[in-house]
Amino acid sequence: MEFTPAMTLSVIIFAAAYLLIVTEKIDRVIIALGGGVLMALTGLLDQENPYEAIDFNTLALLISMMVIVMITQRTGVFEFLAIKVVKLAKGEPWKVLVYLSFITAVASAFLDNVTTILLILPITLDVTKDLKIKPIPFVISQIFASNIGGTATLIGDPPNIMIGTKAGLSFMDFVINVAPIIVPILLVTIGAFLLVYKKYLHTKEENKKKVLLFNEYEALKDKKLLTKCLIVLSLTILGFILHGVLNYPSSVVAMTGAVLLLLISKVKPEKVLKEVEWKTIFFFAGLFMLVGGLERAGVLEVLAKSIVQQTNGDMFLLGMAVLWVSAIASAFVDNIPFTATMIPLIQEVGVLTGMDITPLWWALSLGACLGGNGTIIGASANVVASGMAEEAGYKITFGQYFKVCFPIMLITVAISTVYLVLRYLI
């Protein structure tokens with residue numbers, strides 16, 4: 001099948017948008033939306049309904065979870081947990097790194113990694129300041145922990161949300177198929193950071209005593225609201241777990257929780273909606289339109305046929321290709337646009353081969369989510385965390401991050417390779 005003018009045009013628009021997103025010369029939201037608009041103006045998207053390419057289930061799920069988290073944030077429970085963990089560590093820096101990494105990973109699995117970073121990192125920066133130690137090892141370990149923890153569930157990382165909604169996979173599907181390998185990966189990663197940064201994880205006894213004076217209960221601002229939030233969050237997570245039985249889309253479950261919490265919390269909707277990360281939402285919308293243009297032009301079909309031909313339709317080779325290409329690509333390009341590109345491509349492979357492509361979804365999830373740890377621009381959580389560290393006076397350069405983190409990322413993907421091969425590909 002030869003490339004048509006429409007294919008060539010869609011690839012040019014898509015590649016230009018990708019390049020501009022990576023270089024960060026212009027805000028990525030403007031680029032994504034601008035690329036989507038170009039796809040529509042050039043007729044690469046359906047002229048009557050150019051927005052059909054947008055996955056509104058994914059957007060509704062993201063917005064709803066943001067609303068739940070923003071209301072819960074008002075209670076101070078996240079600050080409470082962070083301080084509690086630091087006190088459990090008795091102010092010992094290496095223990096603080098381990099405990100905060102674990103709480104970041106767990107929180108990221110049930111909230112989302114960007115939100116978790118926004119909530120936990122300010123406390124981390126305060127604690128390291130009081131301990132008089134450099135925060136960079138803690139920031140980097142929490143970036144990894146947030147992306148690793150987010151990989152475990154449907155709602156933990158944007159790529160998983162996109163995969164789940166498009167492939168019809170439930171919350172429990174991710175827990176059963178992806179979560180089992182996340183715990184060993186997290187343990188190996190934390191161990192690696194303890195070795196790499198061991199000379200920085202020491203402080204004076206007087207500094208430890210100062211941290212132990214923190215009162216975590218003073219962080220709790222509204223206990224009645226906290227009770228309501230925990231009830232709604234528990235019911236929402238239960239809804240995700242029962243997703244396959246109830247046959248409701250995950251977005252409907254999340255939206256039900258958001259509406260219920262808005263109702264019983266009596267927090268004004270306009271205040272909460274102002275706090276929603278609308279830039280992220282519109283970035284997604286633009287990406288869906290960009291990828292929709294490629295798909296409608298037939299580019300993804302050509303790529304899918306090429307992959308099938310190169311691998312001879314062998315599931316082992318397909319799985320390895322998806323995992324490693326996803327990991328390496330996601331390290332250098334934000335894993336969100338990459339995942340948006342890969343999803344329809346994998347669907348096309350399924351159509352062409354007639355095989356059960358479920359293992360490829362797990363390969364894409366592990367590759368895209370873990371690969372995002374490879375560079376400072378690989379995932380949204382990385383960009384947010386490095387920005388917060390820089391505001392605090394600690395700049396993390398691309399090279400500084402890459403030198404330490406890219407090799408550790410490769411180790412996590414290698415562990416995933418063994419897992420996928422043993423469980424699905426042989």
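As the structure is a computational prediction, the values presented were derived from the model and not from experiment.
Using modelled atom types and a 3.5 Å distance limit, the side chains of W362 and S416 yield no donor-acceptor pair. Donor-acceptor pairing under 3.5 Å is lacking for the side chains of S146 and T116. Between the side chains of Q142 and S101, no donor N or O sits under 3.5 Å from an acceptor N or O. A donor-acceptor contact closer than 3.5 angstrom links the side chains of N57 and S251.
In this structure a side-chain-to-backbone donor-acceptor pair under 3.5 Å is missing from T75 to L225.
More than 12 heavy atoms of other residues, nucleotides or ligands shown are found within 6.0 angstrom of CH2 on W324.
With contacts defined as side-chain heavy-atom distances shorter than 4.5 Å, the pair R296/L44 does not qualify. Using a 4.5 Å heavy-atom threshold, the side chains of I155 and F174 count as separate. You'll find the side chain of I411 reaches within 4.5 Å of the side chain of V188, heavy atoms only.
Note that CG of N113 and CG of N160 are 9.5 Å apart. Values are rounded to the nearest 0.5 Å.
Between F14 and Y18, the angle of the ring planes goes over 60°, which puts this pair in the perpendicular group of the 30/60° scheme. In this structure, F193 and Y197 have parallel ring planes: the angle between them is below the 30° cut-off, well short of the 60° mark. Classification of the Y419-Y424 ring pair by plane angle, with boundaries at 30° and 60°, yields perpendicular.
In summary, of the residues considered (N382, T151, T412, N147), a side chain to side chain donor-acceptor pair (under 3.5 Å) with N373 occurs for N147 alone.
Residue pairs meeting the salt bridge (Lys or Arg N to Asp or Glu O under 4.0 Å) criterion with at least one partner in residues 133-158, sequence neighbours excluded, do not occur; the list is empty.
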